[in-house]
Structures are given as C-alpha cells and as structure tokens.
Amino acid sequence: MNYDIIVIGSGPGGYVTAIRAAQLGFKTAIIEKESLGGICLNWGCIPTKALLKSAHVFKYLQQAEQYGLNKVENPGFDFSKVIQRSRGVATKMSGGIAFLMKKNKIDVIMGTAKIQKGKKVSVTDKDGKATEYSGEHIIIATGARSRELPNIPQDGKKIIGYRQAMVLPEQPKSMIVVGSGAIGIEFADFYNTMGTKVTVVEFMPNILPVEDEDTSKHVEKSLKKSGIEIMTNASVESVDTSGNGVKATVETATGNITLEADILLSAVGIASNIEGQGFEEVGIQTDKGKVLVNEWYETSVPGYYAIGDILATQALAHVASAEGITCVEKIKGLHVEKIDYGNIPGCTYAHPEVASVGLTEKQAKEKGYELKVGKFPFSASGKATANGDTDGFIKVIFDAKYGEWLGCHMVGDGVTDMIAEAVVARKLETTGHEVLKSIHPHPTISEAVMEAVAAAYGEVIHI
C-alpha cells in the first residue's frame, strides 16, 4: 500500500502523469472514482468530437449535389444511434487507458479519494469500505465539472450541463445555449446541424470571447448563416421550468425578452473539483476555487502537488498533461523547462473550426508592439475550393521590429490540426521571413499559413 507516486484522478492530467512516473521508475498508483480517462475521454473532448463528426457527415449528405453526386433523398438519422456511437467511442478510449495502465504496471485503485496528513490518501470504494494508501509524492488531478449559476440551477432534465447534453434520450426541437465558449459553440453547432432550433445567449460583446475579434465576428456570421440565433451583450436572469419546456428571461441592451425552448444548456464554464478533497485538513492553500502551487506544481504542503483544471492555468486537457509530465520529471530530478503558458494552443471544433495561439491583435497593440498583420482567406485557397469549403481564414501577427511571431488565429475546416505549426515555430523563435522561406506543399490547406505570413510582409501571391 506504499507508493512513490500516487495520482488522484485519471483524466488527461492524471493518467499521463502516472504513465510518465512509471516510465521514470516510480512505483505508481492512480485513483479514479468513476471511469478511466476522466471527463475528457468519457464526457468531454472525445465524445463531443464523435457527435460533431456525425453532424458533419449528415451535412455532407445534404450537400451531395454540390460534389456532382446524386441527391440523397430525405437524408435522415437515428438520434439514439448517434448518441450510441459517441458513447462507444468514449468506452473504447477508456478501455485504451486501462490497457496503458496495465502495460506500465500502474496500480489502478477505484474509489473516492481524500488526502490525509502524513502523505496518505484514504480511498472509499463503492461498498463504502475505506482503505488507506501512502505515497512519497501525491499528485492531485481531480479536474472540474460544469459550473452552475445561482439563477440557472441545473436539474439535469430541462436545464442541463454538457454531460446531459451528450446523452439526451430524445433530440429537442429547440434549445437555448447559455455561454458561447468552446463548449457552448460546439453543442450549438451539433444540435443546429441535426435540426434543433438553437439560440445562443452570450454575456460578452462577442462569442468565443477569448479569441481574436476577427475570429469571433467571422464565426458569429457563419453560425448565423447556418441558422443559429445569437444574442450577445445579453444575460439570462431567470428560467421558468414549470411548463412543458423552459422560459428564459433574458436581459438585453434594449430591455428584457422571454425565450422559450424545450431545453436550456448551461455552458458558462467550469468549476474545479476541490471540495471534500481534504485540502483544509491537510493545510493546502487555495484561492478563489483554485489550488495554489509554485512553478513546479508543489502545493503549500511538501509532498503534495496539483495539476490541471484545479489550478488557475488554462483549463485544457493538453495543459494538464504537460503540467503532470513537468511535475514528475522535476520530482525525478531531471532538468526541466517551465511551461510557457503564452504558447498554449486553443481549439473549438465547431464548423467552422477555430484554432489560435499567442496574442490577439488587440492584446499585441496593448503591449505596445508595432505590428505586421497578415490575413489569407480560404476563398483564395485551391485546396479549400476543391474541398468545397472556403469558409474561414488564417491570420498572423508579427512584431515589426524583430519579426517575432506574436499570434496566429485560424478559422476553417481542419485548422485544429494546423495550429501546431505556429506553436512549434513560436517555440523555436521562428521569424516571419523564416516561415516564408519554409516551402509549404501545394495544394494544401496548410499553405495558407505561408500565404498569410507573406501578406503580413507585403509579398502575398494569391490575393
């Protein structure tokens, strides 16, 4: 029952941490209260992409004639089978994590964990039996859940969070989505594509508020064109669920209005899972719902560490994984480089997709940079035109003085798979001229990156 490393939580932060610890020779255990893979593999990143894939295939069927194919008469779907496929993908991925745990000789302990003083963890199993484990280093990766607003309490039926949105027994005819971050926009796109009437309510002036303004405005225009109603500078004040559906009172700049729908999805962010974990008893410091750590993810109590969504860093799966690897490598005594949180890519998998890294144009100007900004539309891309999907653009932002790549913002089909070029280039301190002289293959979607850089330096060929 004694380990070198005990990891609490098996999401992308936890299971990656455990595997890296085992690779480094640590006797490792991982504790999970529900399903291996955590929220991401079971109720987040992976199954939502499966839902979106079904929606996009359905959309292609409706557009068959645009590709010279025979019209598909009355293309339809079985909503329950769409959900079933998504759940099957999640189950397969979770099983893959179980295989990786076995392969790396990591002990999997199923149950609810609570940290104790003296580098111990108490785990209560499904039968209520508690067992104590000790570890030289305890890494907490308990993740997060759907955040609830007091005026929009989730009942799991008419007012739901992302988890219920993935397994609805029947497709709603209408839906209100509150919040337009990645989660809200992805579900809005999925349900709208499948035929649900969707209205998005966003408190901020733009949807996808963390993105560059050009990105936000373009995506809003595209989603509206697809049939989604979008209300910005608006907030849901109350929700009445006494009838068959929901009635939401929405405050707008011109006064209150009432929206009616079958169901309301609250997608207003996440809340860290730090309650009932034993932090107070052990003396681990938290602030505003987040665990306080140093640059190597050590908490205020020696021997206890925290990574992922319970920190104030970006709540993204790839961030949690990187933090976990950094944490255990530092424990091992390796030479470790700190994570550059200014070079973290963010993605939204709706249609069109969104991907970005670095500063927005507004942020770069506020920091005092003199800028070179280039933008290349996919309407000028041969590959995008051949694909029949020219919605979107690549936007790049460079420091005019030194050529530093300050930011990259992408909108369009497949851009979530392209953003890594900018991430790696920025990591290597690549300049705009070096990107220009790196020959990109033609015809590809990715050559639009080179074209955008060329536009920034007044050398663009195809626009």
[X]: partners by side-chain hydrogen bond (donor to acceptor under 3.5 Å, both in side chains), with sequence neighbours left out:
X	result
Arg147	none
Ser446	Thr444
Gln62	none
Ser10	Glu32

Side-chain ([X]) to main-chain ([Y]) donor-acceptor, under 3.5 angstrom:
X	Y	answer
Ser356	His409	no
Ser174	Asp262	yes
Ser300	Gln285	yes
Thr360	Gln363	yes
Asp340	Gly342	yes

Presence of salt bridge, [Y] and [X], under 4.0 angstrom:
X	Y	value
Lys383	Glu447	no
Glu281	Lys117	no
Glu337	Lys427	yes
Glu275	Arg145	yes
Glu329	Arg20	yes
Lys395	Glu361	yes

Euclidean distance, Thr142 OG1 relative to Lys33 NZ, rounded to 0.5 Å | 8.0 Å

With rounding to the nearest 0.5 Å, note down the distance linking CG in Leu149 to CD1 in Ile159.
-> 10.5 Å

Can Ser216 and Glu211 be said to form a side-chain hydrogen bond (donor to acceptor under 3.5 Å, both in side chains), step by step?
-> CA-CA 6 Å; Ser216 298; Glu211 298 292 347; over 6 Å; no

Could you pull out every donor-acceptor pair under 3.5 Å between side chains of residues 197-206 and any protein atom, sequence neighbours left out?
from: Glu202; atom 1: OE1; to: Ser180; atom 2: N; distance (Å): 2.9
from: Glu202; atom 1: OE1; to: Ser180; atom 2: OG; distance (Å): 2.7
from: Glu202; atom 1: OE2; to: Met204; atom 2: N; distance (Å): 2.8

Any side chain to side chain donor-acceptor pair (under 3.5 Å) involving residues 80-96? Give me the pairs, sequence neighbours left out, ordered by first then second residue.
->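 Residue pairs with at least one partner in residues 80-96: Asp78-Ser80.
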
Pairing residues for Cys45 by the disulfide bond (SG atoms under 2.5 Å apart) criterion, not counting sequence neighbours |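 Partners of Cys45 by the disulfide bond (SG atoms under 2.5 Å apart) criterion, ordered by chain and then number, come out as Cys40.
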
Of all heavy-atom pairs linking Asp4 and Gly25, the shortest is OD2-O, 4.3 Å

Shortest non-hydrogen contact from Asn343 toward Val423 =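 Shortest heavy-atom separation between Asn343 and Val423 comes out as ND2-O, 3.1 Å.
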
Not counting sequence neighbours, list each pair that qualifies as a ring pair (Phe, Tyr, Trp, His ring centres under 6.0 Å) and has a residue in [range].
range	value
residues 277-316	His137-Tyr305
residues 22-51	none
residues 142-196	none
residues 318-347	none

Is the count of non-hydrogen atoms from other residues, nucleotides or ligands lying under 6.0 Å from Glu434 atom CD greater than 12?
->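 Yes, CD of Glu434 has more than 12 neighbouring heavy atoms, counting only those of other groups under 6.0 Å.
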
Would you find more than 12 non-hydrogen atoms of other residues, nucleotides or ligands less than 6.0 Å from Lys290 atom NZ?
-> yes

Could you give me the CA-CA distance, side-chain angles and deciding distance for His218 and Asp391, then say whether side-chain hydrogen bond (donor to acceptor under 3.5 Å, both in side chains) is met?
-> CA-CA 9 Å; His218 185 98; Asp391 185 15; 2.6 Å; yes

Partners passing salt bridge (Lys or Arg N to Asp or Glu O under 4.0 Å) against Lys105 (at least two apart in sequence or in another chain) = none

Cut-off 3.5 Å, side chains only: do Ser134 and Asn2 have a donor facing an acceptor?
->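 Result is yes, a qualifying pair exists.
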
